[in-house]
Amino acid sequence: MPELPEVETVRRGLAPVMEGRRIALLTPRRPDLRYPLPEGFARRLTGIRIERLTRRAKYLLAELESGEHLLMHLGMSGRFTIHAPEGKKHGRPGGFHHDHAPLETHDHVIFDMEDGTRIIYADPRRFGFMELIAQADLETNRHLAALGPEPLGNSFSAQTLSARLKGRKTPIKSALLDQRNVAGLGNIYVCEALFRAGISPKRQASTVTTAARLQRLVPAIRDVLAEAIAAGGSTLRDYAQTDGELGYFQHAFAVYDREGEACSKPGCSGSVKRITQSGRSSFYCPSCQK
DNA sequence: AGGTCAACCTGAGCGC
DNA sequence: TGCGCTCAGGTTGACC
């Protein structure tokens, strides 16, 4: 499901119900997602307060009062939803229980917060994963260590991108999907950014180091991500914001999933073509993307 | 080392 | 209605 704008939208939705709040009960409903859940996962989260919820690339990071960090990745189909308690709470030995709707098949991890709010992580394909990382291991964590610059941050520029693309024979499409070069882009936003920059996805990455191309591409990446965040992300099949609302940036796609449609660039008479690059669909206009 | 590709898993949509 | 096939927002690890 999620690229940077969707993950950022999820972060903004979860922050008000997670930050500064204690997890009353953490319930994993199966022992694994993509990977086995950490040893003692429920025990290490139950009763612990979440201090801050941040995002790095497509990862969510919950900083815990225990000093550990909960790393969460939503894979292709991961989704967080927030559920207010429906009714009264019942006294129970060893804790209390709020009324909630029955769980569904792919509801894999349940966060019951101390105020009765329930946060459900559902993920039909289970490409998502969760990990607990000690403070000292954050920088060397295998998922985080090699990530490139945040595209909306100061360290992403024509200069830094140029240095990463230099000498690379791979197509620019593949280079932008490589999280070591720039962190957070996925298939949709790479296609859209390349369209905006007028650059063909097939172009060899090493040739996207000219000033003219970089000066189109860097702002194109920044703009498309910022616009998508403002729209609450893109909803294709099953993505939704944490309150169940749909993102609406998919209506602004110029090329993604628009094979055969007329190019939307003013004055261009081309149409959107679909090709396969390293096993994934690329959508572009051969007339105005060179 | 750099580049490509299959694997992980479920569900939706399509043609027959 | 059902079957089989293709495709899907990502990442990793094995292979040339």
Side-chain angles (χ1 to χ4, degrees), chain A residues 1-11 29-37 55-60 71-80 104-108 121-131 141-148 151 163-194 201-206 221 224-225 228-229 231-241 246-260 274-283:
Chain A
M1 141 182 116
E3 304 181 32
L4 187 155
E6 290 73 38
V7 178
E8 177 60 22
T9 300
V10 169
R11 190 198 68 76
R29 299 185 64 238
R30 52 177 302 135
D32 60 342
L33 295 171
R34 171 163 188 173
Y35 307 114
L37 290 169
R55 179 191 58 74
R56 173 79 172 100
K58 302 172 195 173
Y59 294 91
L60 288 171
L71 179 77
M72 298 172 278
H73 194 288
L74 287 69
M76 292 278 261
S77 57
R79 175 171 171 174
F80 278 99
E104 296 177 17
T105 310
H106 300 296
D107 293 345
H108 300 314
Y121 178 72
D123 187 354
R125 294 178 73 181
R126 265 181 284 124
F127 286 176
F129 50 89
M130 297 190 187
E131 227 173 71
N141 177 269
R142 69 173 185 135
H143 296 111
L144 303 177
L147 289 176
R164 293 294 315 192
L165 300 180
K166 204 166 163 186
R168 309 296 300 289
K169 293 201 171 136
T170 199
I172 186 64
K173 165 76 186 299
S174 305
L176 294 178
L177 283 175
D178 187 335
Q179 304 294 297
R180 294 170 297 186
N181 297 331
V182 52
L185 293 175
N187 207 30
I188 292 176
Y189 297 104
V190 167
C191 290
E192 294 297 317
L194 287 172
K202 295 193 286 191
R203 173 172 283 282
Q204 190 170 297
S206 62
I221 289 170
V224 75
L225 293 176
I229 291 170
S234 301
T235 299
L236 266 56
R237 282 153 283 278
D238 50 9
Y239 166 76
Q241 300 182 40
L246 303 182
Y248 54 90
F249 191 74
Q250 66 278 9
H251 303 301
F253 290 169
V255 287
Y256 186 83
D257 210 15
R258 292 190 176 281
E259 182 180 16
R274 181 172 84 96
I275 59 173
T276 300
Q277 291 180 289
S278 47
R280 318 198 57 191
S281 289
S282 294
F283 299 90

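Here is the naming used below: chain letters follow the sequence lines, and residue numbers restart at 1 for every chain. Basis for what follows: all heavy atoms, side chains included, without hydrogens, waters or symmetry-related copies.
In terms of polar N and O atoms assigned as donor or acceptor, the side chain of A:R280 never comes within less than 3.5 Å of the base of C:dA8 in a complementary pairing. Residue side chain A:R126 does not reach the base of B:dC9 through any donor-acceptor N/O pair under 3.5 Å, judged by distance alone.
Between A:H108 and A:Y121, the distance separating the two ring centers is not shorter than 6.0 angstrom.
Taking atom CG on A:L144 and atom C1' on C:dT11, their separation rounds to 13 Å, with Å as the unit. Rounded to whole Å, the distance from CZ on A:R125 to P on B:dA12 is 12 Å. Residue A:F253 contributes atom CZ, which lies 13 Å from atom C1' of C:dA8 at whole-angstrom precision. Rounded to whole Å, atom C1' of B:dT10 lies 6 Å from atom NE2 of A:H106. A:F249 has its CZ atom 14 Å from the C1' atom of C:dG9, to the nearest Å. Taking atom CZ on A:R180 and atom C1' on C:dG10, their separation rounds to 15 Å, with Å as the unit. Atoms CG (A:L74) and P (B:dT10) sit 18 Å apart, rounded to a whole Å. One can place CG of A:D107 at 15 Å from P of B:dT10, the figure rounded to the nearest angstrom.
At a threshold of 4.0 angstrom between heavy atoms, the contacts of A:G279 with the nucleic acid are absent. Residue A:R142 is classed as a sugar-phosphate contact, given heavy-atom separations below 4.0 Å to backbone atoms only.
At the phosphate of C:dG10, OP1 or OP2 sits under 4.0 Å from a side-chain N or O atom of A:K58. When the side-chain nitrogen and oxygen atoms of A:H143 are compared with OP1 and OP2 of C:dT12, one or more of them lie within a distance under 4.0 Å. The shortest distance between the side-chain N/O atoms of A:H73 and the OP1/OP2 oxygens of C:dT11 is below 4.0 Å. In terms of phosphate contacts, A:Y256 brings a side-chain nitrogen or oxygen within less than 4.0 Å of OP1 or OP2 of C:dG9. Applying the 4.0 Å criterion to OP1 and OP2 of C:dT11, one finds that A:Q179 has a side-chain N or O inside that range. Taking only side-chain nitrogens and oxygens, A:S281 comes nearer than 4.0 Å to OP1 or OP2 of C:dA8.
Between the side chain of A:S77 and the backbone N or O of A:D123 there is no donor-acceptor pair closer than 3.5 Å. One N or O on the side chain of A:K58 and one on the backbone of A:L185 form a donor-acceptor pair closer than 3.5 Å. Looking only at distances, no side-chain donor or acceptor of A:R142 sits under 3.5 Å from a matching main-chain atom of A:L144. The main-chain N or O of A:V255 is found under 3.5 Å from a side-chain atom of A:E192 such that the two form a donor-acceptor pair.
Defined by atom type and a distance below 3.5 Å, a donor-acceptor pair is present between the side-chain atoms of A:Y189 and A:E6. Judged by distance alone, the side chains of A:N141 and A:E131 do bring a donor and an acceptor atom under 3.5 Å apart.
Partner assigned to B:dG11 is C:dC7, using Watson-Crick or G-U wobble distances below 3.5 angstrom. Of all nucleotides present, none satisfies the Watson-Crick or G-U wobble test against B:dA1 with each distance under 3.5 Å.
Looking at every heavy atom in both residues, A:F129 comes nearest to A:L33 through CA-CD1, 4.0 Å.
Near DNA chain B, defined here as any heavy-atom distance below 4.0 Å, the residues from residues 166-178 of chain A are A:R168, A:K169, A:T170, listed numerically. Proximity of residues 29-37 of chain A to DNA chain C (heavy atom under 4.0 angstrom from any strand atom) is restricted to A:R34, A:Y35.
Comparing the P positions of B:dA6 and C:dT6 gives an interatomic distance of 13 Å, to the nearest angstrom. B:dG11 sits 22 Å from C:dT11 when the P atoms are compared, rounded to a whole Å. For B:dG3 and C:dG9, the P atoms lie 22 Å apart once the distance is rounded to whole Å.
Applying the side-chain contact (heavy atoms from CB on, under 4.5 Å) test between A:P171 and each of A:K202, A:R203, A:Q277, A:Q204 identifies A:Q277 as the sole match.
Using cut-offs of 30° and 60° on the angle between ring planes, the pair A:Y35 and A:H143 is tilted.
Judged by centroid separation below 5.5 Å and plane tilt below 30°, A:F127 does not stack onto the base of C:dT11.
Within 6.0 Å of atom CZ in A:R29, more than 12 heavy atoms from other residues, nucleotides or ligands are found, so the atom counts as buried in its surroundings.
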